[in-house]
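Excluded from the calculations below are hydrogen atoms, water molecules and symmetry mates; all remaining heavy atoms, backbone and side chain alike, are included. For ligands, and for the atoms within them, numbers begin at 1 and follow the listed sequence. The shown structure was predicted, so the numbers you read here are calculated from the model rather than taken from an experiment.
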Amino acid sequence: MNKIFKEFRFGHGALLRNRLVLAPMTTYSSNEDLTLSQEEEVYYKSRSKGMGMVITAATAVNKNAQAFKLQITARDERYLDSMRRLATAIKSEGALAILQLHHGGRMNIPGLYKNQDIVCPSCVKANRDYAVEPRELKTSEVYDIIDNFVRSAKIAIDAGFDGIELHGANTYLLQQFFSPHSNLRDDEFGGSVEKRMMFSKTLVKRMIELRKKHAKKEFIIGYRFSPEEIENPGITLSDTLLLVNELASKDIDYLHVSLGNYKATSLRDKTDKELIVKKLQNVINNRVPLIGVGHLECLNDLEEAFSLGYDMLALGLIALSDNNVVENLKNNLEPNKVFRREDQLPTNMYNRIKKWDDSLLDRGYSFE
Ligand SMILES: Cc1cc2nc3c(=O)[nH]c(=O)nc-3n(C[C@H](O)[C@H](O)[C@H](O)COP(=O)(O)O)c2cc1C
């Protein structure tokens, strides 16, 4: 209990009022011009209440990066005001504001945006019904995308964000570079497992340089990753431990493991019973804090997760159904598991979640 609500200081000095984080969640609700909508502003303000830190929805770094309909973007200076409103909505409630930087790569739904190119490290289709064969990026285009991430991070700095998170999880472009399924390149960005890390490593390096040049020293740099892929070939836990070892040696502020359940074990090797968090912490060895996520819904879950070795915990769905979740957890009250439109949930986000309701019903959620 004490640990959850205790302050936490990052390596570069930023201070969190507690160790609870709003998980990054796409709202599908921007304005038509991809600026932050009124509905989103209201949502962020309400979900920032009590949180130590809020990670925004995946935010596209260029035109080809857009993976979802009505997904906010920080692709150029025209979006500075939109980003400023987003940072302000979060910070006005006392939480630190982190912008999640994203490129969808081959996961983009074809036809969602006019003149969009579906790109990937190599032309290998994703295992999704809707997927099309992506276009392989030229080496020069890979460097352009890296520049786009840097430009968006600079916009985050200018907009008043406290930091950025590189979205290296959930099968999107950073993960596509690390994956032997989607990366068959033979330039500096592909080949050995070390070369498959090059895109992520270069991004991290450029973020650190940007911080040095343009941000205050406390500016937070985080990295989110998914530990495994089910595809064959696909990212294995031993690949991920190499990546994590590499990232933990860099001057970043946190790692964030994207898991469906904070107590997850290997997806690929069902005989391996060791919790993924244990494997990660063995490698990280206190070099950087680790954020956990997935099925964290009550005080017992949080206490157990901290005892397993996470340093901060991110709340997803429970923070959508309960717009007072931090206060309720603090008072050891059962959080509300009924999604209500009038609880400051953007309409499209609410409708999207409602479509998933079978799995959510199993988790005790319902809709009103
Ligand atoms: C509506 C919704 C949108 C999401 N969008 C993102 C996203 O933009 N970026 C991301 O990294 N994860 C995204 N996620 C995954 C969540 O951050 C989180 O990892 C997941 O919901 C598991 O946590 P939970 O069990 O507490 O919900 C999304 C999840 C939901 C429910």
Side-chain angles (χ1 to χ4, degrees), residues 20-30 34 36 39-40 43-44 47 51 53-61 65-74 86 98-105 107-108 152 164-176 222-227 254-264 276-277 290-299 301-302 304-305 310 312-322 325-326 329 335-337 339 341 343-365 367:
L20 294 178
V21 176
L22 181 71
M25 283 181 281
T26 295
T27 59
Y28 316 92
S29 299
S30 72
L34 310 180
L36 190 80
E39 259 194 333
E40 290 179 306
Y43 156 78
Y44 277 106
R47 266 48 183 196
M51 292 286 176
M53 181 165 102
V54 168
I55 306 170
T56 68
T59 302
V61 300
Q66 303 278 156
F68 318 107
K69 205 159 175 224
L70 302 180
Q71 177 187 9
I72 52 169
T73 181
L86 177 51
I98 305 293
L99 188 69
Q100 189 183 55
L101 301 180
H102 173 241
H103 191 306
M107 296 303 290
N108 293 2
S152 294
I164 56 94
E165 175 172 280
L166 292 169
H167 191 352
N170 305 355
T171 73
Y172 297 113
L173 189 73
L174 274 68
Q175 184 174 330
Q176 290 161 32
Y223 191 102
R224 191 175 218 218
F225 62 96
S226 293
Y254 71 83
L255 287 167
H256 183 177
V257 60
S258 179
L259 287 172
N261 192 306
Y262 66 100
K263 288 187 280 193
I276 290 177
V277 58
L290 178 66
I291 303 182
V293 73
H295 272 70
L296 290 158
E297 293 174 345
C298 63
L299 204 52
D301 295 342
L302 300 177
E304 185 184 30
Y310 294 107
M312 282 169 280
L313 296 172
L315 306 177
L317 286 164
I318 199 70
L320 300 185
S321 61
D322 190 336
V325 69
V326 179
L329 287 168
N336 170 50
K337 293 185 95 173
F339 296 103
R341 253 295 290 121
D343 283 347
Q344 301 89 31
L345 279 180
T347 313
N348 294 341
M349 189 185 209
Y350 174 87
N351 289 338
R352 184 63 77 104
I353 301 166
K354 205 166 177 186
K355 280 194 199 150
W356 302 340
D357 67 359
D358 274 359
S359 61
L360 294 183
L361 294 181
D362 293 344
R363 285 175 66 174
Y365 288 98
F367 291 85

Report task. Using a 4.0 Å heavy-atom cut-off, say whether Gln71 meets ligand 1 through its side chain, its backbone, both or neither. Result -> neither
Query raised in the report: What protein heavy atom sits nearest atom 5 (N) of ligand 1, and how far away is it?
Result: Thr26 N, 2.9 Å
Requested in this report: If you have a sec, work out which protein heavy atom is nearest atom 26 (O) of ligand 1 and how many Å separate them, to one decimal?
Outcome: Gly316 N, 2.9 Å
Query raised in the report: Between the candidates Met349, Met25, His167, Arg224, which shows the shortest non-hydrogen contact distance to atom 12 (N) of ligand 1?
Result: Arg224
Query raised in the report: Which residue holds the protein heavy atom closest to atom 16 (C) of ligand 1, what is that atom called, and what is the gap in Å?
Result: Pro24 O, 3.5 Å
**Report entry** Ala169 to ligand 1, any heavy atom closer than 4.0 Å
**Finding:** no
Query raised in the report: Does a side chain donor of either Gln71 or Thr26 reach within less than 3.5 Å of an acceptor in the other side chain?
Result: no
**Report entry** Ligand-residue contact atoms, ligand 1 with Ala23, heavy atoms, under 4.0 Å
**Finding:** 17 (O)
Query - Side chains of Ser321 and Asn336, donor plus acceptor under 3.5 Å - result: no
Query raised in the report: Looking at ligand 1, does Phe68 have a heavy atom less than 4.0 Å from it?
Result: no
Query raised in the report: Can a non-hydrogen atom of Val293 be found less than 4.0 Å from any atom of ligand 1?
Result: yes
Requested in this report: Name the closest protein heavy atom to atom 31 (C) of ligand 1, giving the residue it belongs to and the distance to 0.1 Å.
Outcome: Trp356 CZ3, 3.4 Å
**Report entry** Short side-chain donor-acceptor distance under 3.5 Å, Tyr365 and Glu297
**Finding:** yes
Query raised in the report: To the nearest 0.5 Å, what is the distance between CG (Leu315) and CG (Asp322)?
Result: 10.0 Å
Query raised in the report: Should Arg352 be listed as contacting ligand 1, given a heavy-atom distance under 4.0 Å as the test?
Result: no
Query raised in the report: Got a donor-acceptor contact below 3.5 angstrom from the Lys263 side chain to the His295 backbone?
Result: no
Query - Residue and atom name of the nearest protein heavy atom (relative to atom 9 (N) of ligand 1), distance in Å to one decimal - result: Gln100 OE1, 2.9 Å
Query - Part of Asn170 with heavy atoms under 4.0 Å of ligand 1, whether side chain, backbone, both or neither - result: side chain
Query raised in the report: Closest non-hydrogen protein atom to atom 22 (C) of ligand 1, residue and atom name please, with distance?
Result: Gly294 CA, 4.0 Å
Report task. For the pair Phe68 and Tyr172, name the ring-plane relationship: parallel under 30°, tilted 30 to 60°, perpendicular over 60°. Result -> perpendicular
Report task. Name the closest protein heavy atom to atom 27 (O) of ligand 1, giving the residue it belongs to and the distance to 0.1 Å. Result -> Leu317 N, 2.9 Å
**Report entry** Proximal ligand 1 atoms for Ala58, defined as those under 4.0 Å from one of its heavy atoms
**Finding:** 8 (O)
Query raised in the report: Is there a donor-acceptor contact under 3.5 Å from the side chain of Arg341 to the main chain of Tyr350?
Result: no
**Report entry** Any protein heavy atom < 4.0 Å from atom 20 (C) of ligand 1
**Finding:** no
Query raised in the report: Side chains of Glu40 and Thr27: donor-acceptor distance under 3.5 Å anywhere?
Result: yes
Query - Within 45° cone of Tyr28 ring axis and under 6.0 Å: Lys69 NZ or CZ - result: no
